[in-house]
Colleague: 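Input: one structure, supplied below.
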Amino acid sequence: MAFASFILFALLLLQVFIYQSSFLFNFTSKWTALENDHKTVVTPKPKEDQDGHPSLDPSLNVFFKVTDLHIGKTMPIYFASDRDSTPTRLLSRSEADSIPFSSSKLPYLLEFFSFSNTSPQARAMETTLKQCELKPTGGEVKFCVTSLESMLDMTRHFFGTVKPKVLTTKILSSNHTLFQNYTFVERPLEMHASKVVACHTMAYPYLVYYCHGHKGHLTRVFKIALFGENKERVEAAAVCHMDTSTWDGDHVAFRVLGGHPGSSPVCHVLPVDNVVWFA
Ligand SMILES: *[C@@H]1O[C@H](CO)[C@@H](O)[C@H](O)[C@H]1NC(C)=O
Ligand SMILES: *[C@@H]1O[C@H](CO)[C@@H](O)[C@H](O)[C@H]1NC(C)=O
Ligand SMILES: *[C@@H]1O[C@H](CO)[C@@H](O)[C@H](O)[C@H]1NC(C)=O
């Protein structure tokens, strides 16, 4: 019962960015920036400059080293906050259950949402559905949720009787700049976390979270306070993956930070509205 009431409290926080007024999102007007959507978990292929060196997309500036986590550190960070191209609310379970969520139903879904099958939206939906259908490997949990109720059920199932806490990334100023230098203005606060589930928003006509996590001390969770060059304040969740030995050698994090699978921990900030549950 305590867990249930805690969850309700956590949801009040989530409700700040989830509004419940209309059933489906106005896709056509809001879904214009999908070509630039970097929220999918699938690793983007880096572009190359004339000399054949990878030229890094600013949006890849979310990775950093565990040794960067100290007060006074300044680094460029990209905080995706494309509320115009991302749906901002979760459906209720009955709404979500009324729409199939399977790559085998893609033709039906494209018709349902009125997207041509060559549109960027169609490609994004296919990528999201495929990502959600990947099976977890080696002690990991992976799941996608399309409603608040299913996020809570899955989270409760993972944490059992332990009450998880939740952190999210919030822009505290109205003049947000996507990419700029930020300084750590407070000592990064490490959270005690022996079980962690991070949930990332995915490109889809309604809000879909891809959640993944595991038990054990493989992930460290931090709450960080940042101050932008334009004086903007951000309170962010950051996670450090302490063991990258099972990662793909092509993972963008290694292009950004150097190194290779297993060589050193990889940290990253969570984009706005992403959520990390931990206990
Ligand atoms: C959806 O957005 C378009 C373009 O901004 C607008 O013309 C239309 O009225 C909107 N539809 C709804 C149902 O809000
Ligand atoms: C951004 O907003 C903060 C307050 O939230 C203000 O102090 C700062 O001057 C603003 N920066 C610009 C460039 O407008
Ligand atoms: C961050 O600061 C460095 C050093 O002043 C500068 O070279 C770089 O262009 C800045 N990056 C951004 C994204 O503003």
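Just so you know, ligand 1 is whichever comes first in the structure, and atom 1 is the first atom listed for that ligand.
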Colleague: Please could you name the atoms of ligand 3 that Glu229 approaches to less than 4.0 Å, counting only its heavy atoms?
Modeller: 14 (O)
Colleague: Are Phe79 and Tyr182 close enough that their ring centres sit under 6.0 Å apart?
Modeller: yes
Colleague: Measuring to protein heavy atoms, does anything land under 4.0 Å from atom 2 (O) of ligand 3?
Modeller: yes
Colleague: If we count only non-hydrogen protein atoms and require a distance under 4.0 Å, does atom 14 (O) of ligand 3 qualify as touching the protein?
Modeller: yes
Colleague: Under 6.0 Å between ring centres: does that hold for Tyr204 and Phe101?
Modeller: yes
Colleague: Under the salt bridge (Lys or Arg N to Asp or Glu O under 4.0 Å) definition, can you give me all pairs with a residue in residues 138-152, not counting sequence neighbours?
Modeller: Glu140-Lys142
Colleague: Is it the case that more than 12 heavy atoms not belonging to Lys65 sit under 6.0 Å from its NZ atom?
Modeller: no
Colleague: Report, in ascending order of atom number, the atoms of ligand 3 lying under 4.0 Å from any heavy atom of Phe179.
Modeller: 13 (C)
Colleague: Looking only at protein heavy atoms, identify the closest one to atom 6 (C) of ligand 3 and say how far it is in Å.
Modeller: Asn181 ND2, 4.2 Å
Colleague: Side chains of Ser103 and Glu133: donor-acceptor distance under 3.5 Å anywhere?
Modeller: yes
